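Since the structure comes first, as structure tokens, the remarks are kept for the end.
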Amino acid sequence: MGNQFKTVALLGALSGLLIAICYWVIGGTSGLITGIGLAAVTNLISWYQSDKIALAAYRAQPVSAADAPGLYRMVEKLAARADIPMPGVYIVPGQTANAFATGRDPEHAAVAVTEGILRILPEDELEGVIAHELTHIINRDTLTQAVAATIAGAISFLAQMVSYGLWFSGGSRDDDRGGNPLGILLTVLLAPIAATIIQLGLSRTREFSADAGSARLTGNPRALARALQRLEATARQLPLDANPAFEPLLIINPISGKFLGNLFSSHPDTESRVEQLLKLEQQLSTKY
């Protein structure tokens, strides 16, 4: 129930921002009606198609047991252990090492890993990463993350279009076109940042929960800790290029090490995550 309430609150905040942008840009009742209609359509599409949108954003390609037998068997084994349906398995082309899960529920879920992560991680560390993503599916985090990413992406796209419009029109507007000049300026400058901040309100705590779920599912917290350290080092050299709105889906922040990267990161810092995993390792060893 807590996650469901947070999901509704997050979608409400993002939808409200989308409506406000339309009101500022178009002006009057027309802007308000357009904003409500756009928010309704965006929510409906993202609710049912957010997984496909997220996979398309990273150019993820579906694979079968014949295409990637080792990866497929690993996902299958961990899904059975977690008692959830077998999710779709996808591979993202490229050298970057990262992974994510998406889907509105365990029956409509997918796990995607990059070609880079398959090359650099040993089996036990890759298993920890897959278990982390399956925990997101179990906790229904994937619905919130993917839907929020879709709406935030729409907000960023709308702000970008407004910016282009001002650029090519020389910043001039006719008086009868409506719209609030200050609102338009705020849309261009602040809307993408506001959408990101709203997403950050939920993303960071869910990463700690998914790390803990992975540790319990595999019984090997240290393997995930090593994987996170290895992935962070790789992310600094080869960041994953995609719409920033979809960054909260990834297991590691793809802009790690960039200017203000920690301030606007969708993830807690890796050092804190590793510290929590090592504490969990001690707890598990004491218990057993």
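Everything numeric here is computed off the predicted structure, so don't read it as measured data. Only heavy atoms go into these numbers, but all of them, side chains included; no hydrogens, no water, no symmetry mates.
Taking 4.5 Å as the limit, some side-chain heavy atom of L280 sits within range of a side-chain heavy atom of Q283. The closest side-chain heavy-atom distance from E207 to S272 is not below 4.5 Å. V75 places a side-chain heavy atom less than 4.5 Å from the side chain of L71.
With hydrophobic clusters built from ILVMFWY side chains whose heavy atoms lie under 4.5 angstrom apart, M74 shares a cluster with L231. Grouping the Ile, Leu, Val, Met, Phe, Trp and Tyr side chains by contacts below 4.5 angstrom, directly or via other members, places V274 apart from L250.
Using a 3.5 Å distance cut-off with no hydrogens or angles, the side chains of D67 and S64 do pair a donor with an acceptor.
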Is there a side chain to side chain contact (heavy atoms under 4.5 Å, CB included) between I130 and E133? Walk through the geometry before answering.
CA-CA 5 Å; I130 298 297; E133 300 305 335; 5.7 Å; no

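Residues in residues 112-133 take part in these ring pair (Phe, Tyr, Trp, His ring centres under 6.0 Å) pairs, two or more places apart or across chains: H132-H136. The list of ring pair (Phe, Tyr, Trp, His ring centres under 6.0 Å) pairs with a residue in residues 82-128, not counting sequence neighbours, reads Y58-F100.
Counting non-hydrogen atoms of other residues, nucleotides and ligands closer than 6.0 Å to CD of E115 gives a total above 12. The environment of CD in E123 is sparse: at most 12 heavy-atom neighbours from other residues, nucleotides or ligands sit within 6.0 Å.
Within the 3.5 Å criterion, the main-chain N or O of I137 finds no donor-acceptor partner in the side chain of T142.
Using a 4.0 Å cut-off between charged nitrogen and carboxylate oxygen, D124 and R226 count as a salt-bridge pair.
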